[in-house]
Amino acid sequence: MRIVFAAAEVAPYAKVGGLADVAGSLPQALAALGHDVSVYLPFHGTIDAAKFGIPEDAEPRSVPYGRSHVRVWYPHVTRDGVRVVFVKSPRICRDKVYGAPDDAKRYALFARAVAEDLKDSRVRPDLVHAHDWHAALLVPMVAGPYRRALRQAATVFTIHNLAYQGHSGAEVLDLVGLPKRRLKVEAPRQLNPMARAIASADIVSTVSQRYAQEILTEEFGAGLQDLLATRRDDLRGIVNGIDVEAFDPASDRHIPARYSLRDMRGKAQDKAALQKELGLAVGTGIPLFGVIGRLVEQKGIDILTPVAPELLRTGAQIAVLGSGEPKYEAMWKDLAERHKGTLSLTLGFDAALAQRIYAAADMFLMPSRFEPCGLGQLISFRYGTIPVVRAVGGLADTVRDADADRRSGTGFSFTEYATAPLADAIRRGVRAYRDESRWSALRERVMKLDHSWTASAKRYVEMYESAREARRAA
């Protein structure tokens with residue numbers, strides 16, 4: 001199958017969030033299964049051409065844009081069997097992946113530039129897979145003005161986070177040759193790129209089965225629940241994978257001591273090393289909790305903040321790595337100052353430190369308000385670190401409460417978004433930690449789980465075949 005991806009960020013070239021991990025790893029897993037895969041992303045100003053061996057500009061293509069044309073270049077490289085195409089134009093490329101005042105226009109042009117390149121390609125795609133609102137307009141382009149040239153191409157649109165829909169003025173549609181006919185969900189003279197992709201894709205997907213169900217409700221639907229309900233039969237949910245080579249305690253170069261399911265001694269050594277590094281009291285019998293991510297309410301920081309002092313008073317420790325809303329950064333700075341030796345706070349992000357925390361921690365906290373998929377709990381499993389999560393989105397799909405299911409539980413979870421249920425889940429985790437035989441069995445169980453991209457890629461191929469069947473039947 002000839003598969004084309006389009007996304008705003010793709011690891012390792014440009015990364016802001018989890019979308020980059022998906023767009024950077026899933027194509028390689030699909031290529032390893034024998035598929036022909038290409039990935040398009042904007043040539044952001046922060047991409048190091050020399051580092052990645054990106055060639056000098058070739059001949060540009062003239063891409064229609066409103067009443068004029070824009071010159072666009074398409075330098076490309078091949079990595080792990082995947083052709084990566086960098087869409088380059090002064091009207092598209094910025095230093096930051098997101099946050100420019102003309103994001104709506106430049107990402108609309110990005111979508112059209114991809115469509116133009118596909119239209120003139122010697123080998124046309126069988127499947128076009130667009131990710132989040134930044135690439136969303138590619139879907140109605142393939143379904144509409146480019147249908148004649150790309151008549152065999154089925155489309156899949158993946159929602160990574162429904163909260164960000166790309167609202168802008170409808171004049172953007174004129175710039176990229178799309179009809180202005182308004183969707184019911186769009187306000188007058190307004191454009192919702194994500195809604196347009198949902199309405200026109202052959203298959204709509206998101207990054208977990210539970211999130212696919214949740215976005216049909218008013219609580220999680222972000223105003224698009226009625227539109228999504230019309231696509232219910234075409235809505236899928238597939239949990240992301242992780243790079244099991246990068247996240248492997250048996251070979252991780254970022255951790256002081258390697259370990260594996262057969263020999264776990266290195267995990268205790270990693271814990272002692274991290275405690276010393278972060279200024280925490282050193283002790284193997286002290287439960288150590290890890291927190292990695294944004295200090296924002298989506299990630300549950302508003303319910304974790306009042307619970308933290310209670311947790312620390314029990315003798316536990318917390319290692320926090322992340323940044324976020326200024327008020328929460330200030331609160332956690334104050335907590336760290338008042339709880340020296342038991343609470344460590346590192347503001348910002350450090351990939352190597354993150355992996356040392358995954359390896360050293362006994363438990364990993366993810367009390368998210370909503371979580372389309374979540375990668376932290378999957379990485380934690382890999383390192384034998386037990387997640388404590390709110391049962392929502394991908395967290396509900398991947399973490400089974402170990403008290404509710406003693407035989408196959410993989411963590412500790414709670415349902416109601418409040419401090420008391422979170423505190424109870426933490427207490428239950430600590431109680432299990434004190435039971436050495438139970439804890440050892442729980443760690444062994446989670447380290448045997450398969451959350452590789454190979455497993456996820458096979459489910460994506462099944463979904464792609466469904467999209468192609470839908471396209472043939474249309």
Side-chain angles (χ1 to χ4, degrees), residues 4-10 14-23 26 39-42 44 87 91-94 96-115 128-144 155-180 182-187 189-207 211-212 214-215 220-228 231 234-237 240 298 370 372-373 393:
V4 168
F5 277 62
E9 51 178 295
V10 178
K15 176 175 166 59
V16 176
L19 168 59
D21 296 311
V22 177
L26 177 57
V39 180
Y40 287 78
L41 77 154
H44 302 292
V87 181
R91 286 186 178 268
I92 296 173
C93 304
R94 303 286 184 274
K96 289 187 175 182
V97 176
Y98 310 121
D102 63 344
D103 271 1
K105 292 181 179 179
R106 69 189 185 101
Y107 277 114
L109 177 57
F110 165 67
R112 188 161 201 181
V114 174
V128 174
H129 190 169
H131 295 261
D132 264 354
W133 79 260
H134 324 89
L137 291 181
L138 178 60
V139 177
M141 287 178 190
V142 174
T155 55
V156 169
F157 177 64
T158 294
I159 301 164
H160 294 264
N161 192 332
L162 193 62
Y164 302 100
Q165 300 173 13
H167 296 278
S168 69
E171 68 275 5
V172 172
L173 295 167
D174 288 333
L175 294 174
V176 293
L178 286 171
K180 269 190 172 179
R182 185 167 64 93
L183 298 178
K184 284 179 64 177
V185 74
E186 292 174 322
R189 297 181 295 281
Q190 291 295 304
L191 162 66
N192 184 324
M194 184 170 279
R196 297 250 169 174
I198 291 168
S200 55
D202 292 307
I203 293 286
V204 178
S205 79
T206 189
V207 289
Y211 192 58
E214 290 172 345
I215 60 178
F220 295 99
L224 296 184
Q225 62 271 15
D226 292 340
L227 173 61
L228 285 160
R231 303 303 313 274
D234 305 312
L235 183 59
R236 307 283 191 275
N240 289 335
Q298 184 212 324
F370 68 94
C373 179

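None of these values were measured; they are calculated from a predicted model. Positions are given from 1, in the same order as the sequence printed here.
Partners of Asp174 according to the side chain to side chain donor-acceptor pair (under 3.5 Å) rule, which considers only residues two or more places apart in sequence or in another chain, are Lys180. Checked against ring pair (Phe, Tyr, Trp, His ring centres under 6.0 Å), His44 has no partners two or more places apart in sequence or in another chain. Residues satisfying the salt bridge (charged side-chain N to carboxylate O under 4.0 Å, His left out) criterion with Arg231, sequence neighbours excluded, are Asp234.
The minimum heavy-atom distance between Ala113 and Val87, with the atom names listed, is CB-CG1, 3.8 Å. Closest of all the heavy-atom pairs between Val139 and Ser200 is CG1-OG, 3.5 Å. Taking both residues in full, the closest heavy atoms of Pro372 and Asn161 are given as CG-CA, 4.3 Å, listed atom of the first, atom of the second, then distance. Closest approach of Pro193 to His167, counting heavy atoms only: CD-N, 4.2 Å. Minimum interatomic distance between Leu19 and Ala8 (heavy atoms only, all atoms of both residues): CD2-N, 4.4 Å. Shortest non-hydrogen contact noted between Ala135 and Ala6 is CB-O, 3.4 Å.
Ring pair Tyr107/Tyr98 is tilted by interplanar angle, where 30° to 60° counts as tilted. Using bins of under 30°, 30° to 60° and over 60° for the plane-to-plane angle, the ring pair Phe220/Phe370 lands in the perpendicular bin.
A ring-centre distance under 6.0 Å is found for Phe5 and His131.
Salt bridge present: Arg94 and Asp102 bring a charged side-chain N and a carboxylate O closer than 4.0 Å.
Shown are Leu227, Leu162, Val185; of these, the side-chain contact (heavy atoms from CB on, under 4.5 Å) with Met194 is made only by Leu162.
The backbone N or O of Ala222 lies less than 3.5 Å from a partner atom in the side chain of Gln165, making a donor-acceptor pair.
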